[in-house]
2 protein chains.
Amino acid sequence: MTYSIAQAAERTGLSVDTLRYYERIGLVEPPARDSGGRRVYSDADLTWLDFLTKLRLTGMPIRMMREYAQLRHRGEATAGRRKQLLVEHRADVRARIAELQACLEILDYKIDNYDLILRRQPGGAPEEATA
Amino acid sequence: MTYSIAQAAERTGLSVDTLRYYERIGLVEPPARDSGGRRVYSDADLTWLDFLTKLRLTGMPIRMMREYAQLRHRGEATAGRRKQLLVEHRADVRARIAELQACLEILDYKIDNYDLILRRQPGGAPEEATA
DNA sequence: GTAGGAGTTGGAGCGCGCTCCAGGTCAACC
DNA sequence: GGTTGACCTGGAGCGCGCTCCAACTCCTAC
C-alpha cells in the first residue's frame, strides 16, 4: 500500500506541514516520489511515523528523536546506542509519571478542600448552585 | 518571615526573572515593597508560588493558571468555579498519565526487541561491547 | 563620598515545534 | 486547451514560557 501526503497525514494524525517538516529536519528519510514529483509514503513509512508520534507524545525532544532516527538510518550496528537512548528516555517518562502522580495528589487535596468550603458556604456562584 | 526576590527564587526554584514575569502577567499579586522599592515576599506568597509551580508541572497552561489566579483574587465567592477548573484539569492530568503509561509499554516492547537483536548480534557498537 | 552589589523597569530575544503563505508545477477532467 | 485541485518549495510567522539586557536606583560598607 502507498499513500499520498494527505493520506499519510490522515493516518498518522500529523498535518501535511508537519510531515514535510519532519522530513526537512531529518526525522524521516525522504519518501519515494511519483512521476510528478509528489511524495509517496509506504506502510513502513507510516509505521515509523507512528512510532515517532509515540516518542513525541512522551515528550521526547525533537533533537533526541533526530539522533535516534539517524542511528536507525545507519543500520543494525547502532542498535546498542539506540536501545540506550530508549532506556534513558524511559527513565524520564517514568519520572514524569511519578511527578504527575504527585501533583495529582495535591490536586485531590485542593479539590477536597473546595468541597468543604462549598459545603460550608454554598451558592457562592449562583450559576453553579445546582451543580 | 519575609524574603527578597533572590530568596524567593531560591525557595521556589523559579528564577528571579520568572518571578517578575509571573507578577507582570497576573499570576501573582504584586508583593509588598520595602522602603527602597524592592519586592518583599511573604510566606503566603511563597505558598502560592509553590502551588503555581505544581500546576505548571502538571502542564497547566499559563492562561488557565491566570484565570485561576484571578478568581482567587476575587475571593471566596469564586470557589465553585475554581474547584471546577481544578477538576477539569485533574481529568487532563489523569489522561496524560494514561497516555504516558501507554507509551511506556511501547518503549518496553521496543527495548525488549533491542535486547533480542543485541543478543543475536552483539558487539555492534564496540564502545558498548561490555555494557 | 564612593564602590559594589542587589534590586528596579521596559523591552527585546530565544528555543521549541510547528503552521502558514506565496508562487509555482503537475495530472485529471470537462 | 482551460480549470480545478492536490502537491511542490523556500521561507516567514507564531504562540508559549521564559530569559536576557541596558540603563537606572538604592542601600551598605569602607
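Order of the sequence lines fixes the chain letters, A, B, ..., with proteins taken first and strands second; residue numbering starts at 1 for each chain. Because the structure is a prediction, the values reported are computed rather than measured.
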Check the orientation of A:Tyr114 and B:Tyr68. Use parallel for under 30°, tilted for 30 to 60°, and perpendicular for over 60°.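 The rings of A:Tyr114 and B:Tyr68 stand perpendicular, inter-plane angle above 60°.
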Distance test, side-chain N/O of [X] to OP1/OP2 of [N], below 4.0 Å:
{"X": "A:Tyr22", "N": "C:dG17", "value": "no"}
{"X": "B:Thr18", "N": "D:dT19", "value": "yes"}
{"X": "A:Ser15", "N": "C:dC18", "value": "no"}
{"X": "A:Arg63", "N": "C:dC16", "value": "yes"}
{"X": "A:Ser4", "N": "D:dC7", "value": "yes"}
{"X": "B:Tyr21", "N": "D:dC20", "value": "no"}
{"X": "A:Arg56", "N": "C:dG17", "value": "yes"}
{"X": "B:Ser35", "N": "D:dC26", "value": "no"}

Between D:dC27, C:dT19, D:dT19, which one does the side chain of B:Arg38 approach most closely? D:dC27
Measure from the side chain of A:Arg24, starting at C-beta and using heavy atoms only, and say which of D:dA12, C:dG7, C:dG11 lies closest. D:dA12
Looking at A:Glu23 and A:Arg33, does any basic side-chain N land under 4.0 Å from a carboxylate oxygen? yes
So, A:Glu76 and A:Arg81, do they make that salt bridge, N to O below 4.0 Å? no
I'd like to know whether A:Leu14 forms a side chain to side chain contact (heavy atoms under 4.5 Å, CB included) with A:Tyr22, so could you lay out the CA-CA distance, the side-chain angles of the two residues, the decisive distance to 0.1 Å, and finally the verdict. CA-CA 10 Å; A:Leu14 298 167; A:Tyr22 279 5; 4.0 Å; yes
Protein-nucleotide distance ([X], atom [atom1]; [N], atom [atom2]), rounded to Å:
{"X": "B:Ile25", "N": "D:dC16", "atom1": "CD1", "atom2": "P", "value": "11 Å"}
{"X": "A:Arg66", "N": "C:dG15", "atom1": "CZ", "atom2": "C1'", "value": "13 Å"}
{"X": "B:Leu49", "N": "D:dC18", "atom1": "CG", "atom2": "P", "value": "12 Å"}
{"X": "A:Leu27", "N": "C:dC16", "atom1": "CG", "atom2": "C1'", "value": "13 Å"}
{"X": "A:Glu23", "N": "D:dG11", "atom1": "CD", "atom2": "P", "value": "16 Å"}
{"X": "A:Met60", "N": "C:dG17", "atom1": "CE", "atom2": "P", "value": "12 Å"}
{"X": "B:Ile62", "N": "C:dC16", "atom1": "CD1", "atom2": "P", "value": "19 Å"}
{"X": "B:Arg20", "N": "D:dC21", "atom1": "CZ", "atom2": "P", "value": "13 Å"}

Please evaluate the base of D:dC20 for a donor-acceptor partner in the side chain of B:Asp17 within a cut-off of under 3.5 Å? yes
Kindly determine whether A:Glu88 and A:Gln84 satisfy side chain to side chain contact (heavy atoms under 4.5 Å, CB included), including the steps that lead there. CA-CA 6 Å; A:Glu88 282 167 17; A:Gln84 190 187 331; 3.3 Å; yes
CA sep, side-chain torsions, deciding dist, call: A:Asp34, A:Thr2, side chain to side chain contact (heavy atoms under 4.5 Å, CB included): CA-CA 11 Å; A:Asp34 69 10; A:Thr2 65; over 6 Å; no
Between B:Gly59 and B:Asp34, which is nearer to the 5' end of DNA chain D once each is assigned its nearest nucleotide?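 First, find each residue's nearest nucleotide; the 5'-ward one identifies B:Gly59.
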Which is true for B:Arg39 with a 4.0 Å heavy-atom rule: it touches a base, it touches only sugar-phosphate, or it touches nothing?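 Sugar-phosphate contact only - B:Arg39 comes under 4.0 Å of backbone atoms but never of a base.
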Base, sugar-phosphate or nothing for A:Arg33? Non-hydrogen atoms, less than 4.0 Å.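 Answer is sugar-phosphate: A:Arg33 comes under 4.0 Å of backbone atoms only.
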